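Read the structure below first, then the notes.
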Amino acid sequence: MSGVCSALAAPLLAWYDSGHRDLPWRASPTPYHVWVSEIMLQQTRVEAVRGYYTRWMEALPSVRALAEAEERVYLKLWEGLGYYSRVRNLHRAAVEVCARYGGALPADYEQLRALPGIGEYTAGAIASIAFGLPVPAVDGNVLRVAARLDGDFTPITDAKYKKAVRQRFTALMPADRPGDFNQALMELGATVCLPNGAPLCSGCPVQHLCLGYHHGSAAALPIRAAKKARRIEPRTVLLPRCDGLVGLCRRPPNGLLAGLWELPSLDGHLAPDEVRDALAARGWQVDKLLSLRPSKHIFTHVEWHMTGYYVELSQPPDGLTFVTPSVLRTAYALPSAFRAFLSVIEEEA
Ligand code: SF4
């Protein structure tokens with residue numbers, strides 16, 4: 001980053017002070033509130049997070065409450081947010097904070113950074129917003145703003161670029177308001193300097209400092225290194241029913257959606273006869289097999305392209321746990337990848 005931003009803080013903070021979004025976690029930015037909200041906001045839109053955040057704080061109002069919560073409770077509160085390793089790390093870190101720091105998050109960037117699931121950005125957000133420490137919080141939104149302000153075509157995915165931006169913002173940060181400075185940058189990225197070639201420059205408080213705007217390159221920025229294409233995985237998902245109950249199984253303890261409940265599935269897109277054969281080979285006694293509408297789910301590195309079958313069984317086979325549709329809805333956290341296949345039993349829940 002060049003020096004064009006040295007006058008950034010004053011107009012940015014004045015704009016932030018003149019009105020910003022009313023977000024539930026901003027009402028009382030305790031370390032716990034900032035932490036949980038920042039983890040929820042990773043990869044998820046603010047509007048989607050509001051309800052999750054409120055329900056979470058009602059059920060688990062403190063680090064200690066989270067540390068003592070059962071797995072099924074925090075997984076259920078997270079259901080639909082995806083990236084379940086985030087909630088497992090939240091719990092793991094809460095246990096560690098209770099054991100090492102008496103239940104209070106440490107007011108130290110390095111100690112925060114050492115907790116499970118807390119990276120540079122989250123540690124910076126907690127340190128600056130909750131503790132007033134002069135640490136930057138640089139995520140993809142802030143990198144986009146930085147690249148446009150400087151009219152810089154270096155890929156923002158470049159680690160050296162990110163390091164330079166962190167150093168630059170650390171130097172620019174007003175000593176008395178580091179948390180507001182970081183939040184103002186985030187707010188600018190979220191509401192004005194929008195992604196996908198659509199910055200709203202006419203309403204931008206730092207337009208006069210922005211090289212991207214003055215060079216006409218803002219909409220083309222930022223540059224990202226090309227991503228590897230996602231792997232496509234065809235799957236055949238089963239909705240097993242037996243005596244009105246629904247059959248579930250658990251995913252392996254490691255890898256994608258580790259340890260979560262799921263609907264059983266088979267590799268590939270299978271025709272009805274192939275499904276019957278595969279299930280007979282497992283000892284399942286199939287009374288009825290009905291096709292369900294196909295569905296697709298996108299993860300970070302893989303896409304599941306799923307066909308589905310409703311499978312009526314005469315006996316519950318080994319390896320599945322059978323629950324009523326209403327218990328499934330209220331007590332089991334099922335990844336949203338399977339939601340489309342559950343719509344046929346929605347009225348029963
Ligand atoms: Fe972003 Fe436009 Fe503001 Fe520059 S002028 S920071 S491109 S919104």
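Just so we're clear, the structure is a prediction, and the values are computed from it rather than from any experiment. All ligand and atom numbering here is 1-based and tracks the order in the structure.
Chaining together hydrophobic side chains whose heavy atoms lie under 4.5 Å apart places L221 alongside F153, I223.
Checked by atom type, the side-chain pair T122/Q42 shows a donor-acceptor distance below 3.5 Å.
Seen from the ring of Y52, R55 counts as a face-on cation partner, given the 6.0 Å and 45° thresholds.
Of all protein N/O/S atoms, those lying under 2.8 Å from atom 1 (Fe) of ligand 1 come to 1.
Taking the six-membered ring where the residue is Trp, Y332 and W261 present perpendicular rings, their angle passing 60° and hence far from 30°. By the 30° and 60° cut-offs, the orientation of the rings of Y32 relative to W35 is perpendicular.
In summary, the aromatic rings of F299 and H297 are positioned with their centroids under 6.0 Å apart.
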